[in-house]
Amino acid sequence: MSPQPQAAVGAPLSRVDGRLKVTGQAKYSAEHDIDGVVHAVVVDSSISRGRITGMDTRDAEAQRGVLKVISHRNAPELAYREFPFIPFPGERLHVFQDDRVRFFGQPVAVVVATTLEAAEHAASLVKVTYDAEKASTDLTDAPAEAGPLPFARPYSRGDAEAALGSADVRMEMTYRLSRNHHNPMELHSTIARWEGNKLTLWDKTQHVIGTQNELASVFGIPPADVRVLTPFIGGAFGNGLRRWPNTTIAALAAREVKRPVKLVLTRRQMYFSVGFRPAYEYKLRLGSSRRGRLTAMTHDFKYETSSYERFWEANLALGQMLYAVPNVSQTPQTVPLDVVTPIWMRGPGYSTASFAIESAMDELAYKLGMDPIELRLRNEPDEDLSSGHPFSTRRLRECFSVGAREFGWHRRNPRPRSTRDGDWLIGTGVATGCYDVFQSAAQAHARLDADGTVVVQSATHDVGTGTYTSMSQVAADALGLAVRHVTFQLGDSRMPPAPPQGASQTMASVGSAVQDTCDKLRQQAIKLAVEDERSPLHGVDADDIVVRGGRMHVTGNPARGETYRQLLARNNRTHLEARGSYSPVPEQDRRFSMYGYGAVFAEVAVDARLGLVRMRRMLGVYDAGRIISPKLADSQALGGMIGGMGQALLEHTVTDHRDGRITNANFADYLVPTHADIPDLKAIYLDGEDYKADPIGVKSLGELVMVGVAPAIANAVFHATGRRVRELPITAEALL
Amino acid sequence: MHPFSYTRVTDTRQALTAGRDGGRYIAGGTTLVDLMRETVERPRTLVDISALPLREITVAKRGGLRIGALVRMADVAAHRGVRALYPVISEALELSASAQLRNMATIGGNIMQRTRCTYFRDVNADCNKREPGSGCAALHGVNRTHAILGTSDDCVATHPSDVAVAFAALEATVVLLGPDGERTVPFASFLLKPGSTPNREQALRRGELITAVEIPAFPRPLKSGYLKVRDRQSYEFALTSAAVALHIRGGVIRQAKVAAGGVGTIPWKLTAVERELIGKRPSEALWTKAAERAADGARPLQHNRFKVELLKRTVERQLRIVGGGK
């Protein structure tokens, strides 16, 4: 088979849905016009733990326009069939099924009314009384437990204790990361509509198939009777990777009032009844030779989970595979608290562990008087020491050398506090980024119409990553079409199944399925042509034909050929269609260790007298495999840097542990970077592909770009000031 | 949001009548509407005064300034006379809020804005300012951003305005119109410390309307400026701030007007700092010595101890920026 020319892939296209978005025509979950829709507003608990002893809904019910107030007192029993796809051990929250309160802000009732204003006002009139119990919300003073098994097993290789005992250099540090919230612009929103026993949901979700199956399990109906649509998503960062109570509440309310119901959480509720990136306390010990060869590393850490589920995230991999450390031990622990269950947030686990590991590497470099990049290069492994597998590709050295050159790293004076600009101390820092190449099974469908255009579908998502565009590019090249002749559709559970849009798996998984599908469709068209006596391609070996601009022709003889349109017209075909898929190599059969890598460089200015840290510039150099869509890749990379900047310097969900209330549940008090905070950012991608990873040669990007940012900034702050801050975010208090 | 009625008035007489009957004045609405949505504020009647003729900025011959209560923050900040005579005012405004808010919010509303204390804004929390007698959740709660000056056991909330700090420094007066006619109140006594009645925030009588803020004339040249210290570069309230205006003649400081923000329950006039400066020659040492007095009387809370030192350094820095030195 002749390889298709690459024309669309690699081109810096703008989003194909950009015009829809900037003209307001892209419809987000709350924006669909559904006949007869009524409005729901959630009433949430004002205690963290205890029982509801009373609920006075009379004033609320007396309001004009109010249809119903639903709570555990009058809600029907819901099936909550066993649902194996929630990865966290424990039992998910059952909505309005009992009087227990498990976290502050837990939904305890919902008001449904004909207008949003009436529902909001009535919700504020519902009076709830509680029997409050002592709540536990503080990671630092609640008991920890191992695991959770089977996902977070303690790990060891070699003998870390013995190696530490005999190391030339021993260090022990404790790092702390505060709780962060995802804070997407789009609030969690659902419109639920029942037609008989069939449920349709327009829902903000990063997994339409998961939402379909979970809602079916909650209501005890067949999954085929649930349809979930999410054509556009206004950012999610992981928060839409599972269902929160609001989706069930909307569906329940719609069934109770027999009308379609719209439910949009308030910004405040986005901090209470949906998950978050958990706070950590991470103790790291390391042993090293004087020449900077690591001999041992131990990772003892604990992090938040809820009282009813055991959250886990990928916080172990980096400690096992990032550096050539012969002796390693890891002890993960969770601390059950009276909070909602955490959920994966951009770069989950990896970004957290990298703050500890990459800060520690920097500390060791200074202790040894060694350049921090050199220290990392001295500990480059030849293979993945956790599995013994070779790396599919690992070009971290190149990331550092390209980055150091571009950033001017070697011009820096390595001495802390050595560079000043007026009142500002200037510092630079570096860290390694790394993230898994995660993949899942995915399917797609493509239909080539008689007019020469194609529609490709998969039940995937576009959280802002640009899936519409990147998939169109893959399809365009596989079919030899211009991108404008390709329409990619997503976000509908009736489409061919696709995995959640998380863990940076979409391009590798869905992209490979789209390519497989479009390859099949192209081959089908070519077969039709070569077997058609009236075709100029009749009798040509199918393997000698390529397609460009919608026209099939003989390789090396462009004059001999015809277009898809001509072929279909002559054969009286309205369309051709194909279905394709991708299945990753099962974990146990993997022969390669597959990760994306990056080198992150940061320059900060610190006004040490006033405790201010301001970013000056940042550079990321990534080994992410093939870059399908460079402009969108930049959008990911710069967004990741900004997210990391927030994690490093600003973001902190603050809890009043006296009652478990979050005190900064709004955008004025929970700080994320503003434009004024964001300096000159640049991303560079190493040219190349990784076909050992998947058929389209991509690794992963969206999560990778978040990992290493926070430690690079913290390391730069140390270089600027000589002060090592081991707690995020780095605020004025730590620097005065 | 609770139901309310809304009327729009076109002259001050109508406004005062509606105000006397218990109506709440609304102009830009950037604070009030937010708080109504959170049900922190539950006015029965809103009286929209946006159409009143209070949109003039006038510069007096001798250099004083009168800013109509309905002039938008953005317009005050951009006004040539303000920029020339009192940069501290335009700087304070430009470091406030966001461009969108500055285009909506008025000067009268700005000095009337209510605290950002998160417990005040959370209707489920105890707050004496919102619900007299319920207690102060911030006193022993999360209080990193709270006040260290002018606090009481009943309230530790800061006043959030930046430009009010400049007004306090410059010893502005507030012009009020009420049923009994016009009166002027010195800025220092317009905003009230919480004491045991934190729900009373301004020395306003029932139905009174702010018509203008007046800045007195100062001997020239008057150098001035505003420094705001905050976690992020934009769109955040001050951790600490300093408004400084200095009249230096013959190498000697003849007048010093200094106030601090982000630290007090009201914009905090630093008279002890001013006294240290008067009659002295500008120097690095003087700024340090004077700024040492900035936190006199401070009562820090569990999470805001750092503000004591940060306040001194903020004042010291701004004295140097305005007064010169290394």
Side-chain angles (χ1 to χ4, degrees), chain A residues 44-47 63-64 104-105 116-118 120-121 123-125 128 266-268 422-423 607-615 645-646 649-652 654-659 661-679 729-736, chain B residues 1-4 34 36-40 42 95 97-99 101 116-126 137-138 140-146 160 227-237 239-242 303-314 316-318 320-321 326:
Chain A
D44 29 50
S45 76
S46 56
I47 63 164
Q63 291 299 309
R64 199 160 50 154
F104 202 105
L116 176 62
E117 290 77 9
E120 278 180 352
H121 179 50
S124 74
L125 300 177
V128 189
T266 63
R267 180 57 66 185
R268 177 181 158 82
D423 287 321
D607 187 326
R609 288 286 292 166
L610 300 180
L612 301 173
V613 183
R614 298 293 183 248
M615 297 302 305
M645 197 187 304
L649 302 176
L650 298 170
E651 296 193 42
H652 181 191
V654 182
T655 305
D656 184 336
H657 295 300
R658 292 175 302 176
D659 60 6
R661 164 195 321 266
I662 290 163
T663 62
N664 61 341
N666 61 72
F667 270 173
D669 296 305
Y670 183 103
L671 303 181
V672 297
T674 64
H675 283 289
D677 296 294
I678 299 164
I730 300 169
T731 53
E733 295 91 312
L735 295 170
L736 286 177
Chain B
M1 197 182 280
H2 282 238
F4 60 92
D34 272 13
M36 287 169 65
R37 295 196 67 121
E38 300 286 347
T39 70
V40 172
R42 302 174 183 192
L95 293 168
S98 65
L101 288 165
R116 294 297 314 183
C117 173
T118 56
Y119 298 100
F120 168 73
R121 300 175 86 91
D122 178 349
V123 289
N124 290 316
D126 293 336
H140 301 292
V142 174
N143 47 35
R144 174 178 188 256
T145 60
H146 286 70
L227 176 65
K228 184 172 182 179
V229 175
R230 47 185 165 175
D231 296 306
R232 71 179 169 191
Q233 194 117 308
S234 170
Y235 201 27
E236 194 194 359
F237 295 88
L239 285 173
T240 59
S241 72
H303 303 120
N304 68 8
R305 287 177 202 287
F306 72 100
K307 280 193 176 184
V308 173
E309 184 59 28
L310 186 59
L311 170 59
K312 294 179 192 172
R313 294 183 185 185
T314 305
E316 177 194 42
R317 175 71 61 83
Q318 189 59 7
R320 196 224 305 155
I321 291 171
K326 178 196 74 109

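Every chain is numbered from 1 and lettered A, B, ... according to where its sequence line falls, protein lines coming before strand lines. Hydrogens, waters and symmetry mates are skipped; everything else that's a heavy atom, side chains included, is used.
With sequence neighbours left out, T674(A) forms a side chain to side chain contact (heavy atoms under 4.5 Å, CB included) with A676(A), D677(A), R232(B), S234(B), Y235(B). Applying the salt bridge (Lys or Arg N to Asp or Glu O under 4.0 Å) criterion to R658(A), with sequence neighbours excluded, gives D656(A). Annotation: ring pair (Phe, Tyr, Trp, His ring centres under 6.0 Å) contacts of H2(B) (sequence neighbours excluded): H121(A).
Of the two parts of R609(A), the backbone and the side chain both hold a non-hydrogen atom closer than 4.5 Å to a non-hydrogen atom of chain B. Proximity to chain B (any heavy atom under 4.5 Å) is shown, for L736(A), by both the backbone and the side chain. For a residue to count as touching a neighbouring chain, one of its non-hydrogen atoms must lie under 4.5 Å from one of that chain's; by this rule D607(A) touches chain B with the side chain only.
Rounding to the nearest 0.5 angstrom, the gap separating the CE atom in M1(B) from the CD atom in E117(A) is 8.5 Å. A distance of 10.0 Å separates CG of L610(A) from CD of Q318(B), quoted to the nearest 0.5 Å. Note: D423(A) CG to I321(B) CD1 = 7.0 Å, rounded to the nearest 0.5 Å. The distance from the CG atom of L125(A) to the OG1 atom of T39(B) is 9.0 Å, given to the nearest 0.5 Å. Note that the CZ atom of R144(B) and the NE2 atom of H652(A) stand 9.0 Å from one another [nearest 0.5 Å]. Within the model, atoms CD of E651(A) and CG of D231(B) stand 12.5 Å from one another, a figure rounded to the nearest 0.5 Å.
Residues of residues 117-124 of chain B lying under 4.5 angstrom from chain A, judged on non-hydrogen atoms, are T118(B), Y119(B), D122(B), N124(B) in numerical order.
Top candidate by heavy-atom pairs under 4.5 Å with chain A, chosen from E309(B), R305(B), R230(B), is R230(B). Among the candidates T663(A), L649(A), L650(A), T266(A), the residue making the largest number of heavy-atom pairs closer than 4.5 Å to chain B is T663(A). Ranked by heavy-atom pairs shorter than 4.5 Å toward chain B, the options T731(A), L671(A), N664(A) are led by L671(A).
For the pair V142(B) and V654(A), the tightest heavy-atom approach, listed with the atom from each and the gap, is CG1-CG1, 3.4 Å.
Ion pairing between a basic and an acidic side chain is recognised when a charged N comes within 4.0 Å of a carboxylate O; R268(A) and E38(B) show no such pairing.
With contacts defined as side-chain heavy-atom distances shorter than 4.5 Å, the pair H303(B)/E733(A) does not qualify.
When the shell of 6.0 Å around CZ of R64(A) is examined, it contains 12 or fewer heavy atoms from other residues, nucleotides or ligands.
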